[in-house]
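Just so we're on the same page: letters track the sequence lines, and every chain starts at 1.
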2 protein chains.
Amino acid sequence: MSTETEAVAETGASFTGETDAPASKAEAMKARLRDEVISHLAPHDPLPPERELANRFAVSRATVRQALARLADHGWVYRVQGSGTFVADKDLVTKSPYLTSFSEDIAERGMTPGSRVLRLEHVRADERVARELLIPVGSRVVHIERLRTADGAPLCVEGLWLPEWLTGENLGPELLGSLYAYFEHAGASPARAHQTLRAVTLDEAQAELLDTEPGAAALTVSRIVFDAHGRRIEASNSVYRGDRYDFQINVKRRA
Amino acid sequence: MSTETEAVAETGASFTGETDAPASKAEAMKARLRDEVISHLAPHDPLPPERELANRFAVSRATVRQALARLADHGWVYRVQGSGTFVADKDLVTKSPYLTSFSEDIAERGMTPGSRVLRLEHVRADERVARELLIPVGSRVVHIERLRTADGAPLCVEGLWLPEWLTGENLGPELLGSLYAYFEHAGASPARAHQTLRAVTLDEAQAELLDTEPGAAALTVSRIVFDAHGRRIEASNSVYRGDRYDFQINVKRRA
DNA sequence: TGCCGAGATTGGTTCGAACCATTTGGATTC
DNA sequence: GAATCCAAATGGTTCGAACCAATCTCGGCA
């Protein structure tokens, strides 16, 4: 039941946030450019020049440039100095390298996220967790293990460790809903993360949970999440079925 | 022999480019901030305010902000609105999501890249290659297969496909040196790429080449590379040993 | 016909300024 | 002593302007 709660809550939030109240003029410009300009053009068609867009939409060129930069990050357009800004091929639009929750990530891919809690307990931090959370070895931390699903099918086994200075003695259901909402409530909103991707093979227990064979390929995403104050609020390790998940990213050549 | 040529050439370029001629004031500011400010501070110490930095280094605040933004991308600092900019923990500095060649990537990790060519030939584009390069099925493409090494140890098997409009009938040694240098020469400098990461297991042939066991975990990086004109100049597929390679990235929470 | 160069066009960088949003810390108040 | 409020400090956004760098266009020239 808590699985559905989270799915609905986070999905809803992610969708309404898109059109409600643009956080800035640049964000609004980004949406307008996508809907009113790019959608009327074919791939590799040039967009109007920045100066003309600034004039037409009654904003400064800086705002237009910020919007265009974000569109380029997402793979909607590409830019050529001295030449123009062009519509990109539509088959390669990806999310930017932004920090997202599992639910947001899955919803963005057009599926319905779900989750089943396998474990929820206080444990002592081992060497790895202590190093990742920057706390002494043996400190008490909350450990959560969840099976995450997309459209009902098992997709990933997720292990989470939260420092106890954040959670207190708490082990209640609020830790089982949207974790990111809980972070907000605790005054430690996620701000940035360091992620490491590796390839591994599944052991028997993991294979059982993910409904596949031991030795199958899996993608592990290890993540250390920071709040706005630079405090480490989560260490996690997600093991994704290799045949059902990939990680896409657009990169630019450095100057 | 061509392996050493590439390694030396690309490594050298990557290192000299750092200090020679700053491409812009912002890039220079980034280096100066790292060397003259951050290096004298401890993690979580605040940097001087933007306005003061702008004054001290005699540049505009916009330039300072651009430099700080790039340092944040690389994980050197983190920023908190209303509070300040702070030195980040030093164990999590990564390269930004920039497009790099294998040689640059390995050199950045402090190892020496090498390569052995396994195959070099003209082939007809199959369905996948045709789709990725946006050319008709059956078009002639150059196919290169290389074993890539780091400090002499096999790290990845790399398959490349280049459209023939770029290479012509050419199959000479210039294709075996630094490929990115060849792109420059051909007037098609790499500008951006779309990457997909997946986890797979190695088949027997791959395991043999990578000096490990069939069924071992491997990370595949599929890449479509574009030049400044949006033309697709390379489709590639690199299979990395899962126990010797990971992919690190810093991400921020979206606004 | 082909090449070359000058000028126009376009995105990229830098500047200075003003204002907004958030955070912080001290003063005030109870 | 605790809670509240307010002003200052700081990063974030937007504006207008100027100039730089790469590219494109088109006319002149060989």
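- Rounded to a whole Å, the CG atom of A:L68 is 14 Å from the P atom of C:dT13.
- Note on residues 30-55 of chain B: pairs passing ring-ring contact (aromatic ring centres under 6.0 Å, His included), not counting sequence neighbours, are B:H44-B:Y78.
- Of the candidate nucleotides D:dC24, D:dA22, C:dT22, D:dA22 has the atom nearest to the side chain of A:Q81.
- Scored by the side-chain contact (heavy atoms from CB on, under 4.5 Å) test, B:L41 finds B:V37, B:D45, B:L47, B:V87 as partners (sequence neighbours excluded).
- No donor-acceptor distance shorter than 3.5 angstrom exists from the side chain of A:H122 to the backbone of A:R140, with no hydrogens or angles considered.
- Judged as a salt bridge (Lys or Arg N to Asp or Glu O under 4.0 Å), and not counting sequence neighbours, the contacts of A:E158 are A:R146, A:R148.
- If you take CZ of A:R65 and P of D:dA17, they are 17 Å apart, rounded to a whole angstrom.
- Remark: A:A125 engages A:V129, A:A130, A:I135, A:V141 in a side-chain contact (heavy atoms from CB on, under 4.5 Å) (not counting sequence neighbours).
- Phosphate proximity of D:dT10 to B:S83: absent, as no side-chain N or O sits under 4.0 Å from OP1 or OP2.
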Protein N or O to nucleotides 14-16 of chain D N or O, pairs below 3.5 Å:
residue	atom	partner	partner atom	Å
D:dT14	OP1	A:K25	N	2.3
D:dT14	OP1	A:A26	N	3.3
D:dC15	OP1	A:K25	NZ	2.8
D:dC15	OP2	A:S60	N	2.7
D:dC15	OP2	A:S60	OG	3.0
D:dC15	OP2	A:T63	OG1	2.4

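- A cation-pi arrangement, defined by a distance under 6.0 Å to the six-membered ring centre and an angle within 45 degrees of its axis, is absent between B:R232 and B:W161.
- Taking atom CZ of residue B:R79 and atom P of nucleotide D:dT10, one finds them 13 Å apart after rounding to whole Å.
- Listed by chain and number, the residues in a salt bridge (Lys or Arg N to Asp or Glu O under 4.0 Å) with A:R192 amount to none (sequence neighbours excluded).
- Residues meeting the side-chain contact (heavy atoms from CB on, under 4.5 Å) test with A:S189, sequence neighbours left out: A:E184.
- Within a heavy-atom distance below 4.0 Å of DNA chain C, the residues of residues 44-54 of chain B found are B:R51.
- Atom C1' of nucleotide C:dT24 and atom CZ of B:F86 are separated by 10 Å, given to the nearest angstrom.
- For the side-chain contact (heavy atoms from CB on, under 4.5 Å) test, residues two or more places apart in sequence or in another chain that qualify with A:R231 are A:W165, A:A188, A:D227, A:H229.
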What's touching nucleotides 3-8 of chain D from the protein side, N or O pairs under 3.5 Å?
none

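- Across the interface with DNA chain C, nearest-nucleotide mapping of A:V80 and B:V80 shows A:V80 to be the residue nearer the 5′ end.
- Annotation: salt bridge (Lys or Arg N to Asp or Glu O under 4.0 Å) contacts of A:R223 (sequence neighbours excluded): none.
- For A:E50, the salt bridge (Lys or Arg N to Asp or Glu O under 4.0 Å) partners are A:R61, A:R65, A:R79, not counting sequence neighbours.
- What separates NE2 of B:H229 from P of C:dG11 is a distance of 15 Å, to the nearest Å.
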